[in-house]
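The structure appears below as structure tokens.
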Amino acid sequence: MKRTKIAGIGMYVPEQVVTNGDLAKVMDTSDEWIQERTGIRERRYARRFEDTTTTMGVEAAKIAMQNAGVEPREIDFIIFATLSPDYYFPGCGVLLQRAMGMKEIGALDVRNQCSGFIYALSVADQFIKTGMYKNILLVASETHSYGLDFTTRGRNVSVIFGDGAGAVVLQPATRENQGILSTHLHSDGDSAELLSMPNPGFHAGKFWKEKRPAAPKGPYGGLFITEELLEKEDVYPYMDGQAVFKKAVIKFPEVIMEALQANNLTPVDIQLLIPHQANLRISQFVQHYLRLREDQVYNNIQKYGNTTAASVPIALYEAWHGGKITDGGLVCLAAFGSGFTWASALLRW
Ligand code: COA
């Protein structure tokens, strides 16, 4: 069985730069608070009525395909990872297929939030290894800025997230020992609501009845979107930041070590660790815990904030473009986020 290699990478971030100082003008926050707790200095926000999750994904995909030397008609399968799709349904996969004029190929959407890219990579890996597909386009894109609460009420969430897209083209490996060595996927739904956006949704669970009682309208249903819901502005993401932080600093090192041990490798062997850009403090904790050098870990959250599914491919693109990954180098990707879900992938470049 041939391994799967990343044949091309691309990224796209919208032009609009929003600094911590800009956010401090619309909510009670400060550059000092944000930098100290998260490391973030600025992020990009989509241009209203122009950028969508799909259009940004298309831009990243064009670059990835150009770097891989493949045309849209050569793509066999699309995987699109996002938590901020253009439509509730259908997913962004078909919108990208249409926008890029691709053949009537399969298009799969992945809803695994921050670990979405690595989950999607794992799915693509299986299709390539078995020989079913030769060229898979994997796109991860997020437009958070359209759906955040920019009042002081939402500040613990809103200052963290940013918009952007990353993409990779996956193909069978061409060199001995090249490609994805293994992927490792995990979930624990016990804390599903601690980092979630429950509305609009079809839920009517006890947890939310107590936490945010949005009364249903109409005799039979009306729990999907109610006037109360909109009046209460209960349509934003919810995050228990401390609970997420505590779990993340355990699960990141755990899933990285799992990948290394599965391949009889140790942290010393890593050329570059690309952690999901959740919070610079989390990345630094993981770096110190695994005793990695500064140059073994790539972080760019300072410029883009947390772009959820897109963060790993955006960082991968920048690291590759900046010459930090060389042929034969061992690259570790790792992510943790809403669900909770967490995952890792180990690959030889
Ligand atoms: N600006 C200023 N003050 C803020 C603020 C902001 N943007 N957000 C929250 N605060 C305030 C709180 O209201 C609270 O004030 P109080 O003490 O008067 O009640 C205080 O800061 C501390 O809040 P807390 O939530 O305990 O802060 P924290 O130290 O846990 O930091 C996070 C908050 C979100 C930065 C941190 O918990 C975190 O990064 N968690 C992980 C989040 C993450 O990685 N999410 C993505 C996962 S994929």
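Treat the numbers as computed from the prediction; the structure is a model and nothing was measured. In listed order, ligands and their atoms are each counted from 1. FYI, the numbering just counts along the sequence from 1.
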- request: State whether a side-chain donor-acceptor pair under 3.5 Å links R43 with N20.
  value: yes
query: Between T307 and E142, do the side chains contain an N or O donor and an N or O acceptor separated by less than 3.5 Å?
result: no
field: Residues lining ligand 1 [heavy-atom distance under 4.0 Å, listed by chain and residue number]
entry: D28, T29, W33, R37, T38, C114, R155, N156, V159, I160, L195, M239, G241, Q242, V244, F245, H276, A278, N279, I282, N306, F336, G337
message: I'd like to know if the side chain of H144 pairs up with that of T308 as donor and acceptor (distance under 3.5 Å, no hydrogens or angles considered).
response: yes
task: Taking side chain to side chain donor-acceptor pair (under 3.5 Å) as the test, write out the residues that go with K324, two or more places apart.
output: none
field: Partners meeting ring-ring contact (aromatic ring centres under 6.0 Å, His included) with Y146 (sequence neighbours left out)
entry: none
field: I301: side chain to side chain contact (heavy atoms under 4.5 Å, CB included) partners, not counting sequence neighbours
entry: I40, Q277, L280
